[in-house]
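One structure is given here, and the rest of the page talks about it.
A, B, ... follow the sequence lines: proteins, then strands. Residue 1 opens every chain.
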Amino acid sequence: MSVDLEHYLMVGAILFAIGLYLALAKRNFVGVLMGIELMFNAANLTLIAFSRFVESESPIDGHVFVVFVVTVAAAEAAVALAIAVLLYRVRDTVDVDKANLLKW
Amino acid sequence: MPILAKWYDFRDLGNAIGALQDQILDWGAPDWVPYVVSGIIGVVGILLWLLVSQIIFIWIERRVIGLMHNRIGPNRVGPMGLLQGVADAIKLLLKEAITPRATDTILFWAAPIAIFIPAMVVFAVIPFGEGMVLSDLDVGVLFFVAIGSINTIAVFAAGWSSNNKFALIGAMRQIAMLISYELVQVFAILGVVIMVGSMRMVDFVEWQSGNDVWMFAIQPLALVAFIIAGLVEVNRSPADISEAESELIAGFHTEYSGIKFGFFYAAEYFATFALCGVIVTLFMGGWTLWGLEEWVPGFLIFLTKLYAVFFIFIWARGTLPRLRIDQLMAFSWKFLLELMFVNILVVGLETLIWREGGYDAATVLPIFAAINWVLAIGLAIFWARMLGHGTASSAGKRATLTQELGAIYYEGAGTPGA
Amino acid sequence: MEDTGTVVAFWALAIITIGSAFMVAAVRNLIHAVVFLVLSFLGVAGLYITLSADFVGVVQILIYSGAIAILVIFAIVLTPQAGRDNAETSMRLPAVVLSGLVATMLGYASIDTNWSISDRPGFEETASAIGVALLDKYILPFEIAAALMLVAMLGAIIIVRDEGTEGAAED
Amino acid sequence: MTLKSEPYVINVGPQHPSTHGVFRLRLTMDGEKIIDAEMIIGYLHRSMEKLAEERTYTQNIPFTDRTDYLAAMTGNLAYVMAVEKMMEIDVPERADWLRTIMAELQRFASHCMAVGTFANDCGTWQTPVMHMIRDREKILDLFEMACGARLTTNYMRIGGVSRDIPPEFLPALAVLLKDLPKRVKEYEDLLLNNEIIIARSRGIAKLTPEEAIAYSLSGPMLRGSGVAWDLRKADPYAAYDKVEFDIAVGTNGDAYDRFAVRMAEMLQSLRILEQCADMITEGPIHARMSTSTVQPVGDPVAPLVIRPPEGEAYARIESPRGELGFYIVSDGGIAPYRFHIRAPSFINLTPLKKMTVGATIADAVVVLGSVDIVVGEVDR
């Protein structure tokens, strides 16, 4: 019983699906953000799986992509949480449904 | 090193394990069994060493601090109080682990375990002797920093779930301290990694024994910053702010009792041992002592150095008062980080010159050492002067003595928190 | 990858990761959700190590479960009255259906296409290779990422800063 | 639009490692900053002033040890001087010298505790306080030699002192006076120039001289704010007019200066003790009471029942914490009609709210340490 690319891709797909569900269904803005982080993780996992299994002349690129994704995800998380705090300060709630006015 | 391949040559415990592995293979076990067996032996060995040295060090620490306080220290339990550690452990085991009302029970129970695991896992990377490192990761030092950053979550879970205002303040202070000093720690290590050229812990030791020099002689600034950052991460005085007795009773583990507090107590000691281990490996030449490791087993040298560094922490705890949280933050962001940037710049230049020029180490290292020492002292004084510390207004001043009654001597010059 | 050690490790870590990711969605209290999120980050880091990507695995531990988890916790703590429940919006059912479809589509694509599997063994050590690749082949994205980090940091600080305390910054 | 975070209330409660006794400070906090501080006292209230009205004048002397249990000698002295003022008894010279020696020894011992616990609140792991307690022990041994008790001395009597010092008291005092100044110099180097203690206490809880006088502070609190006012010079009692010493004064009125003033006062106390040791005269230690004002019971030298004439008297001395005063009203009976203690700690506490609001909880602890209260005196 050996482990090969399809196993990792399946784990990545399921993780991505859970992240998508979180992003779509959660009422709390921070919950949505957790979903986005999960989706980033799923993408990273598939990148590393490809760089490990698939034929390519410079397999290390997968790792470099993941490093870039991690840094950008960190920056994005910081800005998103700043928005969450600002939203809370202005509208006293972080409920995604209630923030439907474009200008208040 | 002439390894006598016999299993009883204890200068390097690796021999015994190697002999055991061959023995298991002879018994016809599948190929992964010796691997797992040696792993288990390594883990059990480290765990035993940790528990024994923690129990001994409870006694040593309280004795040394007792001597600093001009009193005797524990001498009731066992001969000369030697069983004090055992007595503490038994007390913590027997005490009831109270769960206060309205706490978040899942997190409350998970926090002590979550803080204990990183303190243990870090030892997988620390090289005790010649072949004695549990897993020789290629990113050893980075692994140490990454595991260090995990216990932030555990501290928050402990402070948040114990439903106690003091615990919450303690947890928040701890998170703020950990984040800002993690940066300083990473940059301090970066300086050393640049000069050695690799992140494997074993490479550090080989580099230092190869060039017959200890890293702290070449990069004193990195050592000082790493020790300070380590003190903050391990939460020992003068930076034990998150569990400051005089302010927050016991910080994030106020509500814990019994074996749960035992976990916190043990985790703090293990983290300090790990920190001392990394300091010895990175800056003080690991298990080598200029050739002494040929005769004396490597891990004994390593352990004596580790305990010596631990003594420095005890000494600091006995003498230094505690900083306020904002002063500690200011010290990291306004002082240490800048020094680290300059340190990396200088070390980078030096390594570049050394690599491109192709000089051999014997000529070039003393020059680097001289430059770095002058830089360290000069920069520290200059930067402190710039931040307004060294000036006269902040120096200690005796009260003025006077004879005439009712005179007013008020100048109101003292600036807050200079 | 047929030696039993990595297979056992893979299945254990896969179950931990997917289980804790599922718990993030299912659990009621937001703080528990964050703790499970951290658990799934650690699971993914373990999966990287089974794929012999040790540098990226350690970076994942350091950045995701060390820094981003703290960011999420601070967001939750800084929004106290917003209710800590992990409730779903009314769009719960369509979200389940959509993510189920996405999962099956990705799963089918990954099983059906024949990836040109190369029989290359795992990397021995990746840290220096990544370093070299970062600085000669991907030097431009590296600089852009640095600039982006700076901009994001400044943006986050300026957004959150209280308008009223411009002058009070240095008290 | 400031960050919406509601303030929360913290009880630096009766049981807390750094409240120097059962004193409760209810802080309303906004994050780490304190926005409101409220002192709740009374946990150690033993209603001494009411009890004293049912006891004779001599029976009240042990009460005065237990109000300020860190400075029992000065408590006795103040009460006894008040009654003597009412009965116009003048105390023989040797008793005056003994009273001065005991008061100054008590000041040194009390300041040892004050400075030690202040350093403790700044976070040192009990190291300085242990050293200072060792020195305080030497002084308590002297007290034990003189009056048999270490803490609640009960040494003074109305009209003099209860018993004379044994012959080996003065040589022991001489030995002490040789090595204590070296110790205090060592503490000054260790603590006064310690950067972290300076950082923790410089510029914290500043009080201008006008505020200090307005709050009617006294002792190291007042002198810390730069006002050179010391009762031992302003209203000399016992033998203070025969010795010369300096008043220690701070310049910034912050926690650091009060701490520095106490350190300097310890040196001045040693200086006074040296002068007392070689200027003490022989002679009686108790005034002869005229039988007219005294019930002829027992030994006329130290009568048990004293019946002062009708009237009132207020006597004040410079206790280690400030101006300790006793106001006694007599209706001619054998027990005081009214027995009031002006406790310096109680009054020095009043500006605590002004000092802690705006600071952090770590500062509040340091400020409480610099005020140096004794809860027994605050609650009486």
Side-chain angles (χ1 to χ4, degrees), chain A residues 1-11 13-18 20-22 24-28 30-31 33-34 37-38 41 45 48-49 52-55 58-61 63-64 66-68 70-79 81-86 88 92-94 96-97, chain C residues 1-2 6-7 10 14 17-18 21-22 24-25 30 33 37 41 44 47-48 51 53 56 59 63 67-68 71-72 75-76 78-79 81-82 86-89 91-92 95-96 98-99 102-103 106-107 110-111 115-118 122 126 129-130 133-134 138 141 145 148-149 152 155-156 159-160:
Chain A
M1 170 56 186
S2 81
V3 174
D4 45 26
L5 184 55
E6 279 73 12
H7 292 82
Y8 284 101
L9 294 184
M10 279 311 292
V11 170
I14 297 169
L15 216 56
F16 188 82
I18 293 176
L20 189 62
Y21 167 73
L22 271 173
L24 293 179
K26 280 302 169 193
R27 186 186 299 279
N28 191 329
V30 178
L33 190 77
M34 284 200 247
E37 291 305 325
L38 272 179
N41 266 6
L45 186 60
I48 295 286
R52 166 70 177 81
F53 287 102
V54 175
E55 181 55 49
S58 73
I60 207 67
D61 291 355
H63 294 237
V64 172
V66 167
V67 167
F68 281 137
V70 167
T71 50
V72 171
E76 176 269 338
V79 173
L81 294 168
I83 293 170
V85 169
L86 196 58
Y88 168 72
D92 224 354
T93 163
V94 266
V96 180
D97 285 350
Chain C
M1 291 216 297
E2 56 296 322
T6 34
V7 171
F10 166 74
T17 314
I18 295 174
F22 181 74
V24 170
L30 210 56
L37 188 71
F41 287 159
V44 168
L47 287 176
Y48 290 159
L51 285 166
V56 172
V59 161
I63 302 221
I68 293 187
L71 272 176
V72 173
I76 295 172
L78 289 179
T79 55
Q81 272 98 11
N86 210 351
E88 279 78 14
T89 61
M91 307 280 294
R92 191 162 180 279
V96 168
L98 179 66
S99 53
V102 162
L106 285 177
S110 68
I111 289 174
W115 313 98
S116 50
I117 304 289
S118 81
T126 60
I130 293 177
L134 264 180
Y138 295 97
L148 180 116
M149 292 288 279
I159 285 180
V160 176

Inset, instruction - For residues L134(C) and V64(A), determine if any side-chain heavy atom of one lies less than 4.5 Å from a side-chain heavy atom of the other. - result: yes

Inset, instruction - Walk me through it: do L30(C) and N28(A) pass the test side chain to side chain contact (heavy atoms under 4.5 Å, CB included)? - result: CA-CA 9 Å; L30(C) 210 56; N28(A) 191 329; 3.1 Å; yes

Inset, instruction - Specify the closest pair of heavy atoms between L81(A) and A75(C), including all atoms of both residues, with the distance to one decimal. - result: CD2-CB, 3.2 Å

Inset, instruction - Any chance you could lay out the side chain to side chain contact (heavy atoms under 4.5 Å, CB included) test for L37(C) and L38(A), step after step, and finish with the verdict? - result: CA-CA 8 Å; L37(C) 188 71; L38(A) 272 179; 3.8 Å; yes

Legend entry - chain C contacts, top residue of A82(A), A17(A), A25(A) (heavy-atom pairs, under 4.5 Å): A25(A)

Inset, instruction - Identify which part of L22(A) has an atom lying under 4.5 Å from any heavy atom of chain C, answering side chain, backbone, both or neither. - result: side chain

Inset, instruction - Might you point out which heavy atoms bring A53(C) and H63(A) nearest each other, and give the distance in Å? - result: CB-CE1, 3.1 Å

Legend entry - Point-to-point distance, once rounded to the nearest 0.5 Å, from OH of Y8(A) to CG of L51(C): 4.0 Å

Legend entry - Options A67(C), A14(C), S99(C), ranked by heavy-atom pairs under 4.5 Å with chain A, top entry: S99(C)

Legend entry - Nearest non-hydrogen partners of I68(C) and A74(A), listed with the distance: CD1-CA, 3.7 Å

Legend entry - Set of ring-ring contact (aromatic ring centres under 6.0 Å, His included) partners for Y21(A), sequence neighbours left out: none

Inset, instruction - Determine the option with the most heavy-atom pairs under 4.5 angstrom with chain C, choosing from L5(A), I48(A), V30(A), L20(A). - result: I48(A)

Inset, instruction - Considering non-hydrogen atoms only, spot the tightest contact between E6(A) and I111(C) and give its length. - result: CG-CA, 4.0 Å

Legend entry - Point-to-point distance, once rounded to the nearest 0.5 Å, from CG of L78(C) to OH of Y88(A): 9.5 Å

Inset, instruction - Under 4.5 Å, counting heavy-atom pairs only, tell me which of A133(C), A103(C), P141(C) racks up the most with chain A. - result: P141(C)

Legend entry - Taking every non-hydrogen atom, the tightest pair across A95(C) and L24(A): CB-CB, 3.7 Å

Inset, instruction - Name the member of Y48(C), F41(C), F22(C) that forms the most heavy-atom pairs with chain A at distances under 4.5 Å. - result: Y48(C)

Inset, instruction - Against chain A, work out which of V44(C), I18(C), I63(C), V102(C) has the most heavy-atom pairs shorter than 4.5 Å and name it. - result: I18(C)

Inset, instruction - Could you tell me which portion of V54(A) (side chain, backbone, both or neither) has an atom closer than 4.5 angstrom to a non-hydrogen atom of chain C? - result: both

Inset, instruction - For residues I60(A) and I130(C), determine if any side-chain heavy atom of one lies less than 4.5 Å from a side-chain heavy atom of the other. - result: yes

Inset, instruction - Would you mind checking which part of V67(A) comes under 4.5 Å of any heavy atom in chain C, side chain (CB onward), backbone (N, CA, C, O), both or neither? - result: side chain

Inset, instruction - Using side-chain hydrogen bond (donor to acceptor under 3.5 Å, both in side chains) as the criterion, list what pairs up with T17(C), not counting sequence neighbours. - result: none

Inset, instruction - Measure V56(C) against the heavy atoms of chain A and call it side chain, backbone, both or neither at under 4.5 Å. - result: side chain

Inset, instruction - Please report the shortest heavy-atom distance between A33(C) and M34(A), naming the atom on each side. - result: CB-CE, 3.8 Å

Legend entry - Most contacts with chain C, counted as non-hydrogen pairs under 4.5 angstrom, among L15(A), V72(A), L45(A), L33(A): L45(A)

Legend entry - Option that, when pairs with chain C are counted at under 4.5 Å, heavy atom only, ranks first among D61(A), L9(A), I83(A): D61(A)

